Amino acid sequence: MSRENEALKQLGNKTEYRMDYAPEVLETFENKHPENDYFVTFDCPEFTSLCPITGQPDFATIYISYIPDQRMVESKSLKLYLFSFRNHGDFHEDCVNIIMKDLIKLMEPRYIEVRGEFTPRGGISIHPYANYGRPGTGYEEMANYRMMNYTHIKK
C-alpha cells in the first residue's frame, strides 16, 4: 500500500454509518493528472434527508460533477458523507448548497456543480442546482455561463 493510500481511513475498513450530518468523513487523494481538465461525475440515486419542518423523509438523486485540481474526493468517503444526511433536517436547496460548499472546502476544485432531483411530495418535485468556478479564472466564467444557461433536463 502506498504511503498516500495509508491516509485513507474509510477505504478498506469496516463501514461505520453516521447518524447525522458528518462532513468530517470526507477524504481526498492526489490527482495524478492535474495538468488535464476533466470531469469526474458521481450519481447518488439513493440520497435521503429529512424535512426540517415535518421530519418526513425526502428522497433524491444527487448529481455531482467537478473538474479536480490537486485533490480528488475518495468515493467511499463521499458515500458515507451523503448517507450522513439520512437523519439530517434541511430543505432541498440547502442540501445541494451544503454538499457543494463542503466539497469546495475539501478539494478546492477548479469547477464543481451539484444538482438534486428530489421526488415529488405533495404533488411537486424540486430540482435545485448550484455551481462554482474558481474566482478569477476561466472556470468562474464557465460557472457563470452554465448558471445563466441552465435548463433542467430530466434524465
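What you see is a predicted model, and the numbers here were worked out from it, not measured in a lab.
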**Q** Under the side chain to side chain contact (heavy atoms under 4.5 Å, CB included) test, which residues partner F42, sequence neighbours left out?
**A** V40, I64, Y66, V73, S75, L78
**Q** Output, in order, the C-alpha distance, side-chain angles, deciding distance and verdict of side-chain contact (heavy atoms from CB on, under 4.5 Å) for R146 and Y129.
**A** CA-CA 11 Å; R146 287 176 75 101; Y129 170 84; 3.9 Å; yes
**Q** Hey, could you give me the CD/CG distance between E74 and L106, rounded to the nearest 0.5 Å?
**A** 10.5 Å
**Q** Could you tell me whether E30 and R71 have a side-chain N and a carboxylate O separated by less than 4.0 Å?
**A** no
**Q** Check this for me: does any side-chain nitrogen of one of D69 and R134 sit under 4.0 Å from a carboxylate oxygen of the other?
**A**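 Looking at R134 together with D69, the answer is yes, because their closest N to O distance falls below 4.0 Å.
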**Q** Side chains of Y139 and E141: is there a donor and an acceptor less than 3.5 Å apart?
**A** no
**Q** Decide yes or no for P23 and D102: does some side-chain heavy atom of the first lie under 4.5 Å from some side-chain heavy atom of the second?
**A**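 In short, these two side chains touch, coming nearer than 4.5 Å.
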**Q** Can you list the steps and then say if V114 with Y132 is a side-chain contact (heavy atoms from CB on, under 4.5 Å)?
**A** CA-CA 9 Å; V114 179; Y132 160 89; over 6 Å; no
**Q** Cation-pi check, R115 to Y63: give yes when NZ or CZ is under 6.0 Å from the six-membered ring centre and within 45° of the ring axis, no otherwise.
**A** yes
**Q** Got a sec, which pairs hit ring pair (Phe, Tyr, Trp, His ring centres under 6.0 Å) with one end in residues 83-107, sequence neighbours left out?
**A**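 Counting only pairs at least two positions apart or across chains, the ring pair (Phe, Tyr, Trp, His ring centres under 6.0 Å) contacts touching residues 83-107 are Y17-F83, Y21-F85, Y21-H88, F47-F85, Y81-F85, F85-H88, H92-F118.
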**Q** Taking N36 for the side chain and Y38 for the main chain, is one N or O donor matched with an acceptor at less than 3.5 Å?
**A**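 Side chain of N36 to backbone of Y38: no pair is present.
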**Q** Please evaluate residues T54 and C51 with respect to the criterion side-chain contact (heavy atoms from CB on, under 4.5 Å), reporting the C-alpha separation (whole Å), side-chain torsions for both, the decisive distance (0.1 Å), and the verdict.
**A** CA-CA 6 Å; T54 66; C51 173; 3.3 Å; yes
**Q** Under the rule for side chain to side chain contact (heavy atoms under 4.5 Å, CB included), what residues qualify as partners of N144, not counting sequence neighbours?
**A**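 Once residues adjacent in sequence are excluded, the partners of N144 under the side chain to side chain contact (heavy atoms under 4.5 Å, CB included) criterion are E140.
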**Q** Run the side-chain contact (heavy atoms from CB on, under 4.5 Å) check on Q70 and T28 step by step: do they pass?
**A** CA-CA 10 Å; Q70 300 301 310; T28 65; over 6 Å; no
**Q** Closest approach of D58 and L50, non-hydrogen atoms and distance?
**A**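 Here D58 and L50 meet closest at OD2-C, 3.9 Å.
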**Q** Can you confirm whether more than 12 heavy atoms, excluding those of Y145, are under 6.0 Å from its OH atom?
**A**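 Result for OH/Y145: open.
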